[in-house]
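Structure first, commentary second.
What's counted below: heavy atoms across the whole structure, side chains too, no hydrogens, waters or symmetry copies.
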Amino acid sequence: LNGMGIQPDIIIARAASFIDKRRRERFALFCNIEPENIISAPDLKEIYELPLILHQQNLSNILLSKLKIKNKKINLNKWKTLIQLIKAPKKHQITLAIVGKYFSTGNYHLKDSYAALFDAINHAAWPNKTKIKIKEIDSEKSDREINKQLKGVNGIIVPIGWGKRGVNGMLSAITFARINKIPYLGLCLGMQLAVVEFARNIAGLDKAHTTEVNPKTKYPVIHIIPKQIRNLKSRAYGGTMRLGSWDCKVKKNTLAYDCYKKTDISERHRHRYEFNQKYLKILKSKGLVISGKSKKENLVEIIELSKKDHPFFIGTQGHPEYKSRPLNPHPIFLEFIKAAIKNKKV
């Protein structure tokens with residue numbers, strides 16, 4: 001960078017441990033920078049400690065000074081409390097299963113596709129004082145193998161996904177959660193497949209499906225809404241997706257309301273397929289609860305099972321994991337983990 005005429009103001013240096021005085025001085029000499037503007041970013045047991053480590057090295061004031069912004073007192077007390085919470089002894093220990101299609105990629109087992117989900121689980125675990133073990137289950141495994149791996153878990157999550165690969169395994173996991181009264185959280189595809197599973201096994205709509213997987217299904221309980229079909233035909237694929245933040249009205253006296261504690265919410269979206277309103281009446285008559293609808297277009301956003309039929313079973317078209325923050329865990333994840341803790345005690 002120096003050779004190209006780009007001179008750094010600050011260097012944040014990654015290393016296994018803190019940079020010592022000798023190395024800081026050599027670094028400063030060869031990079032033509034003041035030693036105090038070299039900030040150490042060492043390996044940490046908890047990555048959330050890093051803001052405090054950076055602050056201890058005066059990074060905030062250095063940045064403000066470089067930008068010619070007046071220094072101000074920086075209060076990190078909430079963040080310090082968070083670190084104490086993360087490190088505090090845990091009262092509970094539970095096992096959650098995530099049944100997804102993206103764990104398996106060729107010969108590798110990955111979890112990066114669900115990074116936001118893992119973070120949201122952690123954010124909600126800390127205030128619940130809970131240590132969580134995650135079972136990462138490849139949904140392309142056989143139903144028998146999936147059911148075997150699900151035995152003993154305290155909660156089941158079916159996350160995002162596209163296409164038909166691994167869908168049968170996810171449906172099997174949803175059936176397992178429903179029958180065995182295990183807390184279930186469906187995210188986007190996990191919500192859509194929960195509707196499919198209910199339609200097939202409770203409403204008697206044999207082989208009901210999403211048209212994403214079976215375009216010729218007799219009972220397309222999940223489909224692309226008609227006005228979007230012409231966009232698909234003209235290959236305007238971006239125009240067929242529901243993206244960004246969408247406002248939703250939550251119905252009172254539902255599990256969703258118990259989570260959010262309010263009727264007006266907003267969640268981020270990234271999907272193409274929707275609940276088919278044609279099947280709304282029959283699915284509701286069989287016990288499916290529609291607990292959230294979009295304020296715009298009246299699209300089904302949240303489905304659930306009655307609290308008298310299942311301790312915690314909910315699916316959302318939105319992505320609550322995208323809005324969870326370390327200091328502000330998402331309420332759905334908070335309540336899901338509480339339900340999983342309760343499930344372990346049963």
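- More than 12 heavy atoms of other residues, nucleotides or ligands shown are found within 6.0 angstrom of NZ on K90.
- In this structure, CG in N201 is found 9.0 Å from CG in D206, a value given to the nearest 0.5 Å.
- Listed for the S40 side chain is a donor-acceptor partner under 3.5 Å among the backbone atoms of I19.
- At least one donor-acceptor pair under 3.5 Å links the side chain of D20 to the backbone N or O of R23.
- Inter-residue side-chain proximity for M170 and Q192 is flagged as unmet; no heavy-atom pair is nearer than 4.5 Å.
- The shortest distance between side-chain heavy atoms of I160 and L189 does not fall below 4.5 Å.
- The closest side-chain heavy-atom distance from I303 to I290 is below 4.5 Å.
- L334 and I332 fall into different hydrophobic clusters, where Ile, Leu, Val, Met, Phe, Trp and Tyr residues are linked whenever their side-chain heavy atoms come under 4.5 Å apart, directly or through other members.
- In the hydrophobic cluster analysis, where Ile, Leu, Val, Met, Phe, Trp and Tyr join through side-chain heavy atoms closer than 4.5 angstrom, L82 is grouped together with L76.
- Of all heavy-atom pairs spanning A177 and H310, the tightest one is O-NE2, 2.9 Å.
- Of all heavy-atom pairs spanning C188 and H271, the tightest one is SG-CB, 3.5 Å.
- With salt bridges taken as basic N to acidic carboxylate O contacts below 4.0 Å, none links K251 and E304.
- Within a 6.0 Å sphere centred on CG of N77, heavy atoms belonging to other residues, nucleotides or ligands number more than 12.
- Rounded to the nearest 0.5 angstrom, I222 CD1 and N214 CG are separated by 13.5 Å.
- Remark: K293 NZ is packed, more than 12 non-hydrogen atoms of other residues, nucleotides or ligands lying under 6.0 Å away.
- For NZ of K133, the number of neighbouring non-hydrogen atoms (other residues, nucleotides, ligands) closer than 6.0 Å is 12 at most.
- The salt bridge (charged side-chain N to carboxylate O under 4.0 Å, His left out) test applied to R178 returns E197, not counting sequence neighbours.
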Is there a side chain to side chain contact (heavy atoms under 4.5 Å, CB included) between F176 and Q149? Walk through the geometry before answering. CA-CA 11 Å; F176 190 95; Q149 291 188 57; over 6 Å; no

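- Side-chain contact between F275 and L288 is present, with heavy atoms from C-beta onward closer than 4.5 Å.
- We find the CG-CG distance between N253 and D258 to be 8.0 Å, quoted to the nearest 0.5 Å.
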For side chain to side chain contact (heavy atoms under 4.5 Å, CB included), just list the numbers for I174 and F313, CA-CA rounded to whole Å, side-chain angles, deciding distance to a tenth of an Å, and then say yes or no. CA-CA 10 Å; I174 294 166; F313 190 106; 3.8 Å; yes

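- In this structure, the side chain of E212 does not engage the main chain of R272 through any donor-acceptor pair within 3.5 Å.
- Although no hydrogens or angles enter the test, the distance criterion places no donor-acceptor pair under 3.5 Å between the side chain of H319 and the main chain of E321.
- Taking the side chain to side chain contact (heavy atoms under 4.5 Å, CB included) definition, one finds that S113 meets it with Y102, sequence neighbours left out.
- The side chain to side chain contact (heavy atoms under 4.5 Å, CB included) check on R268 picks up Y322, K323, with sequence neighbours excluded.
- The NE2 atom of H330 lies 3.5 Å from the CD atom of E267; values are rounded to the nearest 0.5 Å.
- Ring orientation note: the planes of H123 and W126 are tilted relative to one another, at an angle of 30° to 60°.
- A continuous path of ILVMFWY side-chain contacts below 4.5 Å connects Y48 to I74, so both sit in one hydrophobic cluster.
- Between N2 and Q7 there is a side-chain heavy-atom pair separated by less than 4.5 Å.
- Here the closest heavy-atom approach between residue F18 and residue Q57 is recorded as CE2-NE2, 4.4 Å.
- Considering all non-hydrogen atoms of both residues, V99 and A173 come closest at CG2-CB, 3.8 Å.
- Judged by distance alone, with hydrogens and angles left aside, the side-chain atoms of H92 form no donor-acceptor pair with the main-chain N or O of A340 at under 3.5 Å.
- Between I94 atom CD1 and T130 atom OG1 the span is 5.5 Å, to the nearest 0.5 Å.
- Scanning for side chain to side chain contact (heavy atoms under 4.5 Å, CB included) contacts around N71 gives N61, L64, with sequence neighbours left out.
- If you chain together hydrophobic residues whose side chains sit under 4.5 Å apart, Y260 and I337 fall into the same group.
- When all heavy atoms of L205 and L283 are compared, the pair lying nearest together is CD1-CD2, 4.4 Å.
- For the pair F103/I137, no side-chain contact is recorded, criterion being any heavy-atom separation below 4.5 Å from C-beta on.
- For E36 (side chain) and N58 (main-chain N/O), no donor-acceptor pair under 3.5 Å exists by modelled atom type.
- H209 approaches V167 most closely through the heavy-atom pair CE1-CG1, 3.9 Å.
- In summary, of the residues considered (I121, L185, N128), a side chain to side chain contact (heavy atoms under 4.5 Å, CB included) with F336 occurs for L185 alone.
- Between the side chain of K344 and the backbone N or O of Q93 there is at least one donor-acceptor pair closer than 3.5 Å.
- Side-chain atoms of D119 and S324 form no donor-acceptor pair, as typed in the model, at a separation below 3.5 Å.
- Side-chain contact between I314 and T316 is absent, with no heavy-atom pair separated by less than 4.5 Å.
- With hydrogens and angles ignored, the 3.5 Å screen pairs a side-chain donor or acceptor of R200 with a backbone N or O of A208.
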Check step by step if side chain to side chain contact (heavy atoms under 4.5 Å, CB included) holds for Y279 and H223. CA-CA 11 Å; Y279 296 93; H223 70 155; over 6 Å; no

Take R242 and K296 through the test side chain to side chain contact (heavy atoms under 4.5 Å, CB included) and record every step on the way to the result. CA-CA 12 Å; R242 197 142 64 97; K296 183 181 179 182; over 6 Å; no

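- With hydrogens and angles ignored, the 3.5 Å screen pairs no side-chain donor or acceptor of E34 with any backbone N or O of I10.
- The salt bridge (charged side-chain N to carboxylate O under 4.0 Å, His left out) check on R26 picks up nothing, with sequence neighbours excluded.
- When atom types are taken as modelled, the side chain of T263 and the backbone of K252 share no donor-acceptor pair closer than 3.5 angstrom.
- Hydrophobic cluster membership is shared by L52 and I47, with clusters built from Ile, Leu, Val, Met, Phe, Trp and Tyr side chains linked at under 4.5 angstrom.
- Taking NZ from K45 and CD1 from I86, the interatomic distance works out to 11.5 Å, rounded to the nearest 0.5 Å.
- Salt-bridge annotation for D43 and R14: present, with a side-chain N of the basic residue lying under 4.0 Å from a carboxylate O of the acidic one.
- Within a 6.0 Å radius of NZ in K261, more than 12 heavy atoms belonging to other residues, nucleotides or ligands are found.
- Here D264 pairs with K249, K295 under the salt bridge (charged side-chain N to carboxylate O under 4.0 Å, His left out) rule; sequence neighbours left out.
- Proximity of I12 to L59: side-chain heavy atoms (C-beta onward) are separated by under 4.5 Å at one or more points.
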